[in-house]
Amino acid sequence: MIVERIEYVVNTTTRFVVDFWVRQWPLLLLILCAVVDFLETDNIISRLVFAASFVGTVACLKVFHLERCFWIYGLAFMGLPFVAFDPVNIHEIQKSLHLEALDYNVIWRLTEALQWTGVIIALSAGLYFLRFRHRVSPLVLIKIPLTTFVMYLFLQPFFMLTWFILIMQVYGILGIPE
């Protein structure tokens, strides 16, 4: 009798955990990235920007029902090699906009996210008007760039680490000297 109750509790708990993981795995991974990113910095303004980008990412993914759309994650991930700012340019942006109170990394992430979002807006508008105007709602011109912006802003350090690992693997596989 007691063994049956223990089995029942274990089975229902396991079923709940597996079901929760299968349904919410993207958000659980985003929470893990948020915790690591939040603990990495000690600047209050940086933490607020990271928290806002995390909330924006989760909100956009949930509201637009894109949390399991692989293409959105891929679209945000592909932005890193295409946008690059020189540290001198970041300092110039910081001085010209009078944003000296913000951390250098926050300005860097914001400018890269804005630049990649501009590219996404141009690509989305081109694809929409040239091919998908009759099949897709015009709301796509808002939700894809907005989701990409907050996701890139939030996951940029993770994307940098992933691209670094991929590049090092390619260099190791191909035997290219540094």
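The structure presented is a predicted model; accordingly, all values stated were derived computationally and were not measured. As a basis for the values below, the full set of heavy atoms in this structure was taken, side chains included, without hydrogen atoms, waters or symmetry mates.
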Completion exercise
On a heavy-atom basis, the closest approach of F54 and L30 is CE1-O, 3.7 Å

Handout entry: T111 side chain to W108 backbone, donor-acceptor under 3.5 Å
Key = yes

Completion exercise
The reported gap from CD in Q169 to CZ in F164 (rounded to nearest 0.5 angstrom) is 10.5 Å

Practice task
Please list, chain by chain and in numerical order, all residues satisfying side chain to side chain contact (heavy atoms under 4.5 Å, CB included) with A51, sequence neighbours excluded.
Solution key: none

Problem - side chain to side chain donor-acceptor pair (under 3.5 Å) partners of R47, counting only residues at least two apart - result: none

Atom pairs and distances, donor-acceptor, side-chain atoms in residues 63-76, under 3.5 Å, two or more places apart:
residue : atom : partner : partner atom : Å
R68     : NH2  : V22     : O            : 3.4
R68     : NH2  : R23     : O            : 2.7
Y73     : OH   : E67     : O            : 3.0

Problem - Spacing of NZ belonging to K95 relative to CD1 belonging to I107, to within rounding of 0.5 Å - result: 13.0 Å

Identify every side-chain donor-acceptor pair in residues 151-162 under 3.5 Å, counting partners at least two apart or on other chains, and give the distances.
residue : atom : partner : partner atom : Å
Y152    : OH   : E112    : OE1          : 2.9
Q156    : NE2  : E112    : OE1          : 2.9
T162    : OG1  : F158    : O            : 2.8

Problem - Shortest non-hydrogen contact between C60 and T147, atoms and distance - result: CB-OG1, 3.5 Å

Problem - Sequence-distant partners of T14, side chain to side chain contact (heavy atoms under 4.5 Å, CB included), two or more places apart - result: V10, V18

Handout entry: Residues which pass side chain to side chain contact (heavy atoms under 4.5 Å, CB included) with V119, listed by chain and number, not counting sequence neighbours
Key = W116, L123

Handout entry: For I144 against S124, the heavy-atom pair lying closest together
Key = CG2-OG, 4.0 Å

Problem - Residues which pass side chain to side chain contact (heavy atoms under 4.5 Å, CB included) with L97, listed by chain and number, not counting sequence neighbours - result: I93, L99

Problem - Side-chain hydrophobic cluster, 4.5 Å single linkage: members besides I121 - result: none

Handout entry: Nearest-0.5 Å distance, CG of residue L146 to OG1 of residue T57
Key = 9.5 Å

Practice task
Search all heavy atoms of L114 against all heavy atoms of F149 and return the closest pair with its distance.
Solution key: CD2-CE1, 3.7 Å

